[in-house]
Structure formats: structure tokens, C-alpha cells
**Student:** 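For reference, the structure I am asking about is given below.
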Amino acid sequence: MKAYASGTSAPQGGRLRFHLAAVADRCAIRDAVTGEIRAERGRTEPGWTLRIPHDWPSSLYAASFGSADPDDDVYFVVRPGGPPRDAILVSVPFLTWQAYNQAGVPGEGLYPTEGASRAGRVTFDRPGGGPAGHWEDRFYHWLSRTGLPADYCSNLDLHQDPGALLRGRRLLVIAGHDEYWTRRMRDAAEAFVAAGGNIAFFGGNTCWWQTRLEDGGRTMVCHRDALLDPMAAVDPSLVTVEWTSAPVSRPENTLTGVSFRRGAGCWEDMNAVKSEAYTVRFAGHWVFEGTGLRDGDTFGRGAIGYETDAAEYTEVDGVPLATGADGTPAEFAILATADLRHWRSLGQGGHATMGIMRRGAGTVFNAATIGWGDAIDDPVIDRVTRNVLRRLGGPTGWWEPMGGGTGALGLAACAHLLFGVLTDGDLHVRQGRTQNLPWRRIEPAPGLVALAAPREATPGSPVFLYGLDSTGRVLARDPVPEAAAWTEIYQAPPGAIGIAPVDRTMYALGPGGGLWSRPLTAAHSGPWTRLADGPRLVALAHVGGRLMGLDDHGTLYGRAPDTGAWTRSGPTPGLTTLTGTAGRLIGATPAGDLHWREPFMDIDL
């Protein structure tokens with residue numbers, strides 16, 4: 001029996017009206033995620049209203065009205081009826097499902113994309129609009145088996161009332177094929193991340209087309225051509241073209257980290273997809289924890305679906321580094337890659353780049369392939385997915401890895417570079433990006449035990465790289481990586497073990513937590529001034545004009561430079577040295593592993 005529902009979702013305890021082509025002899029409502037039958041009835045009238053019990057779990061459901069054809073099922077979501085109880089919210093891509101409804105039927109479907117007979121407007125008030133390709137099915141089934149609690153919503157809910165759905169959530173999950181987004185959906189997702197929410201994309205070809213909703217959300221508009229869209233003369237930012245195309249010019253990379261523009265598509269031979277796999281590029285990241293993978297290993301054969309997303313990148317010292325030229329933020333760390341340029345003869349050649357980035361106070365992970373759910377039972381794919389859901393759906397304030405591997409005695413961020421005095425006694429440099437870039441040796445370090453650099457230049461104090469050597473001398477040199485001479489500035493207080501320049505003042509850390517200060521430059525002569533003692537710190541740094549320190553247990557502390565007491569900020573991954581740059585803290589463990597985080601992030605103690 002052909003039928004459709006009056007909405008794509010309804011709350012627990014709410015109502016949903018169904019429109020049938022005729023009287024149905026029977027009706028069954030099943031949980032499409034677990035397969036459990038929730039309700040059965042006999043004769044059902046053409047205009048029938050389902051009263052949803054308050055105890056039905058939030059999930060994706062399917063209503064069947066006596067038809068043997070599963071494509072006749074009517075899909076809908078039961079969303080939470082009150083405040084969120086679970087940290088994870090799963091968004092179901094009804095807009096994409098409707099976009100493919102009646103594909104190829106002149107005037108009825110949005111496809112083919114450039115076909116002359118394609119529709120520019122389609123209605124939800126018609127049968128169909130269920131799962132398009134079933135890319136989400138296996139992921140939803142797997143999630144229900146893990147026991148990880150999650151609520152569900154229609155992606156139209158993110159357009160109509162995102163505040164009520166996202167408030168109090170830790171993690172928004174988007175799986176499969178979520179190709180069509182309205183501006184309100186995207187604005188809501190970006191605001192959610194900026195405020196500290198996290199998003200995990202386990203799909204591909206994500207957020208590719210901008211669409212609009214009209215007629216109370218019952219009409220989907222997507223002309224795919226600015227010349228055909230009347231909105232071009234009213235508000236060009238709402239024109240229904242690819243997000244990256246004029247006149248919208250808002251690359252989806254800024255939200256997702258990747259795009260189908262640099263991705264790949266294989267439509268001519270679907271069997272070719274099955275042989276592809278990801279190559280690990282950042283095995284030390286927590287995403288791969290427990291997998292046993294090393295850089296260069298392959299994994300996830302079968303997870304690379306027929307459409308993938310990617311960030312433009314370049315190889316730097318054997319490491320993929322996002323260029324940012326395509327709109328991908330510079331902090332996007334590439335975790336795995338698949339070179340799919342050979343798909344050019346099968347559709348679209350490109351890459352797949354799995355990665356992660358911090359945006360505002362939140363984090364975005366992207367698997368970057370439409371087929372992730374197809375391989376969800378693979379042990380590595382299973383473990384990676386669990387790692388992401390548990391980390392992003394759990395407590396905030398963790399430190400992110402950024403490579404390393406060689407012990408560091410001192411760190412300093414200066415002139416957009418990260419300098420390190422490593423345990424080999426030499427000065428090294430690397431970019432301060434969140435990617436796992438290797439160190440590059442510059443020169444022998446003159447017995448340095450600590451490094452520091454100012455946040456910015458002040459009158460009489462240019463941006464120098466400062467060092468503290470084992471004899472207590474404070475030294476300075478030009479921060480260019482090429483060889484430059486170190487010049488002695490003055491002597492540090494007796495036994496000093498760390499320095500930090502803030503504004504026009506140099507601070508020094510002594511054994512036992514003693515803190516001293518003096519004018520930064522040698523031209524302003526004067527003795528060191530002893531400030532109040534604090535905790536027994538072993539490292540000193542600054543970020544945003546605030547002094548930061550580490551004790552010998554790796555605990556982080558902070559204080560205003562001249563006044564006030566040290567305040568405990570929380571644990572670290574066992575860091576022993578620290579620096580600050582661009583609002584971030586970067587530290588190293590005794591083994592040399594580098595980690596970073598923003599100091600404003602909450603830490604669960």
C-alpha cells in the first residue's frame with residue numbers, strides 16, 4: 001500500500017498522521033534499527049493518526065501497510081519527548097532520501113543532476129523517500145548492538161528546532177549519505193561545535209548541496225543552478241547550488257574538514273570499490289588506540305565507498321599536511337588516506353582523507369567515505385568507531401596528540417614554528433601544526449635546558465627565541481631556523497629551571513616553585529624580584545598573557561603573571577615541558593610525545 005507520513009519525526013508521546021492510498025487490511029510499526037515490532041493493527045483508514053507511546057525508544061521506525069515491497073514502507077523518527085537523556089544524537093538524512101525519491105522521473109525527481117527534465121522542487125507529501133541506498137542501515141544496527149545510548153532525530157529537526165535537540169548534547173552523529181543541507185542546519189551544526197559540542201561524520205559526499213525548505217517544511221527546493229533559482233535575486237546566500245559554488249561560496253570544509261570536490265566517485269564498476277583500503281598516516285592518534293596499527297598499514301578494506309570526501313593536502317617530510325587552499329581549516333589533522341586518482345576512468349578521481357579537527361570549543365571527526373557502515377563489523381573499523389563515539393561523547397578537556405617521538409628538554413613556539421631542545425642536545429624545529437610532523441635538526445644547542453618566546457613584540461623587545469642554559473645564562477637568538485648566534489642577555493636567578501617572557505617582563509622559575517621577574521631586555525637593568533612561592537613546578541610557559549606551569553606529576557597550573565596564586569587547572573598526559581602559542585598549550589612527555597589543547601577547555605578532574 002502506498003502511503004506517506006505528515007512529518008519525518010514526532011516526539012515520544014506525540015502524534016503522527018499517515019496518508020494512505022486506500023484502506024489497508026493491516027499495519028505494522030517496527031523499530032527499523034533493532035527490528036522489533038512495536039505495534040500491529042488490522043483495518044487502517046486512509047487518514048490514520050498514530051499516537052506514539054511515551055515509552056517507545058527514540059529511534060528510526062518504519063510503518064508497513066500490507067505491502068510486500070519494502071520500498072513502500074514509511075520511515076519516520078521518534079525523537080526525545082523531553083530534555084536529552086543521552087549524550088549522543090544521531091541525525092537521519094531524510095533530505096537526501098527525498099532527493100533520490102522518484103529519481104529520473106521527469107518533473108518528479110531531483111535527478112539526473114543536470115537533466116533538463118529534473119525537478120527543482122519536490123514534496124514530502126508523496127510516497128517514497130525512504131533509505132536511498134541503505135548506507136545508514138548497518139551503522140544504525142551496529143550502534144544498537146554496542147549498547148552505547150543514543151537518541152535519534154530527522155535532519156529536518158536540525159532545521160526546525162536545533163536548539164531543543166542539541167542543548168545538553170556532547171555528540172552529533174551523521175552516518176551514511178547526508179548530501180543535502182539547509183543553511184539553518186549548517187548554522188546550527190557550526191554553532192553547536194563552536195560552543196563545545198562534537199560532530200562525528202561516518203559518511204561521504206556530506207553537505208554537498210544547499211537546499212531550502214518551504215511550505216512549512218513539506219517542500220524541498222534544490223534547483224542546482226543559480227540561473228534557475230529565483231532566490232538569486234532575493235538572497236544569493238540561499239541559492240541552491242553546491243555549497244562551494246557561487247553565489248553561496250561557503251565551502252563545506254569549514255564544517256566537515258573535507259569535501260567531495262577533492263574526493264572520488266566510482267559509478268562504472270561498483271566491484272572496484274571493494275578492493276580499496278585506507279592507509280594509516282597518524283597511528284599515534286587516540287582514534288587508532290587499541291588497533292595495533294602503525295603508520296603505513298592498510299585497514300578498512302570495503303569501507304571505501306563509491307563516494308569519498310577529501311581535503312587538499314601536500315606531503316611534508318612524508319606526512320600529509322592539509323594545504324587549506326580548499327577551505328579546510330589548517331588544524332585539520334589527516335589520520336588516514338586513500339589514493340583514488342585511478343578512479344578517474346570510473347567516474348571521478350581523487351582521494352579520501354579521514355581526519356579530525358578542533359573548531360572553537362568542539363571537535364569534528366570525519367571518516368570521509370560513504371561506505372564506512374558497510375565495513376562496520378571489521379575489527380579495526382569497529383574499534384575506531386567506538387574510540388570516536390566514546391571520546392567525543394564523553395567528558396571534555398582531553399589533550400590531543402601531535403606526533404613527536406624524541407624527548408624534549410624545552411619547547412618554544414616562535415615565528416609560527418615550534419622549536420625544541422631535544423635530549424640529543426640539539427635545537428630542532430617543526431611546524432606547529434596539529435599534524436604528526438617530524439622534528440628537523442638545526443644546530444647544536446649551547447647547553448640549553450629551557451626555551452621560551454614572547455607572544456608578540458613590544459617596544460625594545462623584538463620577537464626573539466630565548467633560552468636558559470645549564471650555567472644560568474639567559475640567551476637570545478633570531479628565530480629563523482637557519483644558523484644564528486646566541487647572545488647572552490643576563491644571568492637568571494640561582495638554580496633557575498625555566499623562563500617565560502610576558503609583555504615587557506621576563507619570569508624565571510626556580511627549584512621548589514620560586515618565581516622571579518625582571519624587565520625583559522638587558523637595556524632595562526635591575527635585579528630580579530622574588531614573587532610569592534607556589535607549587536613545586538618543573539616547567540614554565542605562558543599563553544594569552546597568563547603564566548602556566550607543570551609540577552613533577554604532570555599537573556597543569558595557571559596564574560596571572562604579577563599577582564595572585566597558582567590555580568590547579570587539571571591533569572595532563574604526563575607532560576614535563578610546555579609552551580603556548582595562538583591560544584593553545586603544547587607539551588611533551590618524557591618520551592617526547594607532543595600533545596596540545598586550548599587552556600579554556602573544561603577539564604573533568
**Student:** Are any of the side-chain nitrogens in Glu190 or Arg250 under 4.0 Å away from the carboxylate oxygens of its partner?
**Tutor:**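 Here Glu190 pairs with Arg250 in a salt bridge, since their nearest N and O are under 4.0 Å apart.
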**Student:** Pair Trp286, Ile356 - check side chain to side chain contact (heavy atoms under 4.5 Å, CB included), show working.
**Tutor:** CA-CA 11 Å; Trp286 58 259; Ile356 194 166; 3.5 Å; yes
**Student:** Determine yes or no for a side-chain-to-main-chain donor-acceptor pair under 3.5 angstrom, with Arg183 supplying the side chain and Leu238 the backbone.
**Tutor:**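 Flag not set: sc Arg183 to bb Leu238 has no pair under 3.5 Å.
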**Student:** Assess the side chains of Glu331 and Thr434: does a donor N or O sit below 3.5 Å from an acceptor N or O?
**Tutor:**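 No, no side-chain donor-acceptor pair sits under 3.5 Å.
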**Student:** Output yes when a side-chain donor or acceptor of Arg38 lies under 3.5 Å from a complementary backbone atom of Ile52, and no otherwise.
**Tutor:**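 Pair absent, no side-chain N/O of Arg38 close to backbone of Ile52.
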**Student:** Should Tyr152 and Leu143 count as side-chain neighbours, where that means a heavy-atom distance under 4.5 Å?
**Tutor:**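 Yes, at least one pair of side-chain atoms sits under 4.5 Å.
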**Student:** Does Ser9 use its side chain to pair, donor to acceptor, with the backbone of Cys153 at less than 3.5 Å?
**Tutor:**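 Absent.
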**Student:** For Val239 and Met231, which heavy atoms make the closest approach, and how far apart are they?
**Tutor:**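 It is CG2-C, 4.0 Å.
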**Student:** So do Asp295 and Asn436 actually touch side chain to side chain, heavy atoms under 4.5 Å?
**Tutor:**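 They are in side-chain contact.
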**Student:** For residues Ala375 and Arg301, report the shortest heavy-atom separation together with the two atoms involved.
**Tutor:**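 It is CB-O, 4.5 Å.
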**Student:** Indicate yes or no: at least one non-hydrogen side-chain atom of Trp56 is less than 4.5 angstrom from one of Ile29.
**Tutor:**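 With C-beta onward as the side chain, the pair touches.
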**Student:** Report the relative orientation of the aromatic rings in Tyr4 and His19; use parallel for angles under 30°, tilted for 30 to 60°, perpendicular for over 60°.
**Tutor:**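 Ring orientation of Tyr4 relative to His19: parallel.
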**Student:** Please determine whether side chain to side chain donor-acceptor pair (under 3.5 Å) holds for the pair Glu312 and His351, giving the CA-CA distance in whole Å, both sets of side-chain angles, and the decisive distance to 0.1 Å.
**Tutor:** CA-CA 9 Å; Glu312 180 182 289; His351 293 79; over 6 Å; no
**Student:** Using distance alone, with no hydrogens and no angle criterion, decide if Glu136 and Trp97 have a side-chain donor and acceptor under 3.5 Å apart.
**Tutor:**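 Looking only at side-chain atoms, Trp97 and Glu136 do form a donor-acceptor pair, the distance falling under 3.5 Å.
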**Student:** Determine all donor-acceptor pairs shorter than 3.5 Å in which one atom belongs to a side chain in residues 59-67; sequence neighbours excluded.
**Tutor:**
residue : atom : partner : partner atom : Å
Ser59   : OG   : Asp31   : OD1          : 2.8
Ser59   : OG   : Asp31   : OD2          : 3.3
Tyr61   : OH   : Pro57   : O            : 2.7
Ser67   : OG   : Asp69   : N            : 3.1
Ser67   : OG   : Asp72   : OD2          : 2.6

**Student:** Say whether, by atom type as modelled, one donor and one acceptor occur between the side chain of Arg126 and the main chain of Ala3 under 3.5 angstrom.
**Tutor:**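 Here the side-chain-to-backbone pair does not exist.
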**Student:** Do you know which two heavy atoms are closest between Thr254 and Gly327, and how far apart they sit?
**Tutor:**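 Distance-wise, the nearest heavy atoms are CG2-O, 3.5 Å.
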**Student:** Between Thr337 (side chain only) and Thr353 (backbone N and O only), is there a donor and an acceptor less than 3.5 Å apart?
**Tutor:**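 Not a single qualifying donor-acceptor pair exists.
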**Student:** Which distance, rounded to the nearest 0.5 Å, do you find between the CG of Leu165 and the CZ of Phe192?
**Tutor:**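 Output value for this atom pair is 10.5 Å.
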**Student:** Are the side chain of Asp309 and the backbone N or O of Asn205 linked by a donor-acceptor pair below 3.5 Å?
**Tutor:**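 A pair under 3.5 Å: yes.
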**Student:** Donor-acceptor pair, distance only, cut-off 3.5 Å: does the side chain of Thr308 make one with the backbone of Ala264?
**Tutor:**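 Yes: the side chain of Thr308 pairs with the backbone of Ala264.
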**Student:** When you measure from the side chain of Arg433 to the backbone N and O of Ala322, does any donor-acceptor pair fall under 3.5 Å?
**Tutor:**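 Side chain of Arg433 to backbone of Ala322: a pair is present.
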**Student:** Cys27 vs Phe18, test: side chain to side chain contact (heavy atoms under 4.5 Å, CB included). Steps then yes/no.
**Tutor:** CA-CA 11 Å; Cys27 167; Phe18 290 85; over 6 Å; no
**Student:** For residues Trp398 and Arg597, report the shortest heavy-atom separation together with the two atoms involved.
**Tutor:**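 Closest pair (atom of Trp398, atom of Arg597, distance): O-CB, 3.8 Å.
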**Student:** Taking Trp181 as the fixed residue, which of Ile174, Thr96, Asn155 is the one that meets the side-chain contact (heavy atoms from CB on, under 4.5 Å) rule?
**Tutor:**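 It is Ile174; the other options fail the test.
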**Student:** Considering only distance and modelled atom types, tabulate donor-acceptor pairs under 3.5 Å from the side chains of residues 87-94, sequence neighbours left out.
**Tutor:**
none

**Student:** Quick one about Glu179 and Trp209 (side-chain donor to acceptor, distance below 3.5 Å, no hydrogens or angles considered), yes or no?
**Tutor:**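 Side chains of Trp209 and Glu179: pair found under 3.5 Å.
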**Student:** Does Glu315 have more than 12 heavy atoms from other residues, nucleotides or ligands lying within 6.0 Å of its CD?
**Tutor:**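 Yes, enclosed.
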**Student:** Could you check whether any side-chain heavy atom of Ser245 comes within less than 4.5 Å of a side-chain heavy atom of Gln210, counting everything from C-beta outward?
**Tutor:**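 No, too far: nothing below the 4.5 Å cut-off.
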**Student:** Contact between Val258 and Arg262 at the side-chain level, heavy atoms closer than 4.5 Å - yes or no?
**Tutor:**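 Answer no - side chains too far apart.
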**Student:** If you apply the rule side chain to side chain contact (heavy atoms under 4.5 Å, CB included), what do you find for Asp229 with Arg212, and how did you get there?
**Tutor:** CA-CA 11 Å; Asp229 194 336; Arg212 296 196 304 274; 2.8 Å; yes
**Student:** Supply the atom-to-atom distance Leu20 CG to Lys2 NZ, rounded to the nearest 0.5 angstrom.
**Tutor:**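 The CG atom of Leu20 sits 12.5 Å away from the NZ atom of Lys2.
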**Student:** What orientation do Trp142 and Phe139 show, parallel under 30°, tilted 30 to 60°, or perpendicular over 60°?
**Tutor:**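 Taking Phe139 first and then Trp142, their aromatic rings sit tilted (interplane angle of 30° to 60°).
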**Student:** CG/Leu172 to CG/Asp151 distance, rounded to the nearest 0.5 angstrom?
**Tutor:**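 If we round to the nearest 0.5 Å, Leu172:CG and Asp151:CG are 12.0 Å apart.
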**Student:** Would you find more than 12 non-hydrogen atoms of other residues, nucleotides or ligands less than 6.0 Å from Arg145 atom CZ?
**Tutor:**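 Check passes, neighbour count above 12.
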**Student:** Given side chains that start at C-beta, do those of Gln102 and Val122 come closer than 4.5 Å, heavy atoms only?
**Tutor:**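 No, every pair of side-chain atoms sits at 4.5 Å or beyond.
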**Student:** Can you tell me how far CG of Asp187 sits from CG of Leu158, rounded to the nearest 0.5 angstrom?
**Tutor:**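 It is 12.0 Å, given to the nearest 0.5 Å.
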**Student:** Is the shortest side-chain heavy-atom distance between Glu242 and Phe260 below 4.5 Å?
**Tutor:**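 In short, these two side chains do not touch, never coming nearer than 4.5 Å.
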**Student:** List the residues meeting ring-ring contact (aromatic ring centres under 6.0 Å, His included) with Trp343, not counting sequence neighbours, and say none if there are none.
**Tutor:**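 Not a single residue meets the ring-ring contact (aromatic ring centres under 6.0 Å, His included) criterion with Trp343.
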**Student:** Would you sort out whether Arg261 and Asn253 count as a side chain to side chain donor-acceptor pair (under 3.5 Å), showing the intermediate values?
**Tutor:** CA-CA 10 Å; Arg261 281 176 297 146; Asn253 311 50; 2.7 Å; yes
**Student:** As an exercise, state the distance from CZ of Phe299 to CD1 of Ile381, rounded to the nearest 0.5 Å.
**Tutor:**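 Nearest 0.5 Å value for the CZ-CD1 distance: 5.5 Å.
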**Student:** For Thr291 and Arg383, does a side-chain donor sit closer than 3.5 Å to a side-chain acceptor?
**Tutor:**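 Result is no, nothing qualifies.
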**Student:** Looking at Arg79 and Asp161, is any side-chain nitrogen of the basic one under 4.0 Å from a carboxylate oxygen of the acidic one?
**Tutor:**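 Looking at Arg79 together with Asp161, the answer is no, because their closest N to O distance does not fall below 4.0 Å.
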**Student:** What is the distance from atom CG of Leu110 to atom OG1 of Thr211, rounded to the nearest 0.5 Å?
**Tutor:**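 One finds 7.5 Å between CG of Leu110 and OG1 of Thr211.
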**Student:** Would one find more than 12 heavy atoms of other residues, nucleotides or ligands at under 6.0 Å from atom CZ of Arg15?
**Tutor:**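 Result for CZ/Arg15: open.
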**Student:** Should the pair Lys274-Asp374 be classified as a salt bridge under the 4.0 Å nitrogen-to-oxygen rule?
**Tutor:**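 The answer is no: the pair does not qualify as a salt bridge.
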**Student:** Identify whether the distance between the nearest side-chain nitrogen and carboxylate oxygen of Arg391 and Glu400 falls below 4.0 Å.
**Tutor:**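 Salt bridge: no.
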**Student:** Examine Tyr100 together with Tyr111 and report whether their ring centres are nearer than 6.0 Å.
**Tutor:**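 Judged by ring-centre distance (under 6.0 Å), Tyr100 and Tyr111 do meet the cut-off.
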**Student:** Can you check whether Phe201 and Trp372 have ring centres sitting under 6.0 Å from each other?
**Tutor:**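 Phe201 vs Trp372: aromatic centres not under 6.0 Å.
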**Student:** Taking all non-hydrogen atoms of both residues into account, name the closest pair between Ser144 and Thr34 and its distance.
**Tutor:**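 Distance-wise, the nearest heavy atoms are CB-CG2, 4.2 Å.
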**Student:** With distance as the sole test, does Ser6 use its side chain to make a donor-acceptor pair with the main-chain N or O of Arg17 at under 3.5 Å?
**Tutor:**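 Here the side-chain-to-backbone pair exists.
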**Student:** What residue among Thr219, Leu156, Asn101 forms side-chain contact (heavy atoms from CB on, under 4.5 Å) with Phe124?
**Tutor:**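 Of the listed residues Thr219, Leu156, Asn101, the side-chain contact (heavy atoms from CB on, under 4.5 Å) partner of Phe124 is Leu156.
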**Student:** Which heavy-atom pair separates Leu389 from Leu171 by the least distance, and what is that distance?
**Tutor:**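 For Leu389 versus Leu171, the nearest heavy atoms are CD2-CD2, 3.7 Å.
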**Student:** Between Asn198 and Thr363 (side chain of the first, backbone of the second, donor and acceptor by atom type, cut-off under 3.5 Å), is there such a pair?
**Tutor:**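 Yes.
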**Student:** With a 4.5 Å limit on heavy-atom distance, are the side chains of Arg359 and Ile199 in contact?
**Tutor:**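 Result no, sub-4.5 Å side-chain heavy-atom pair not found.
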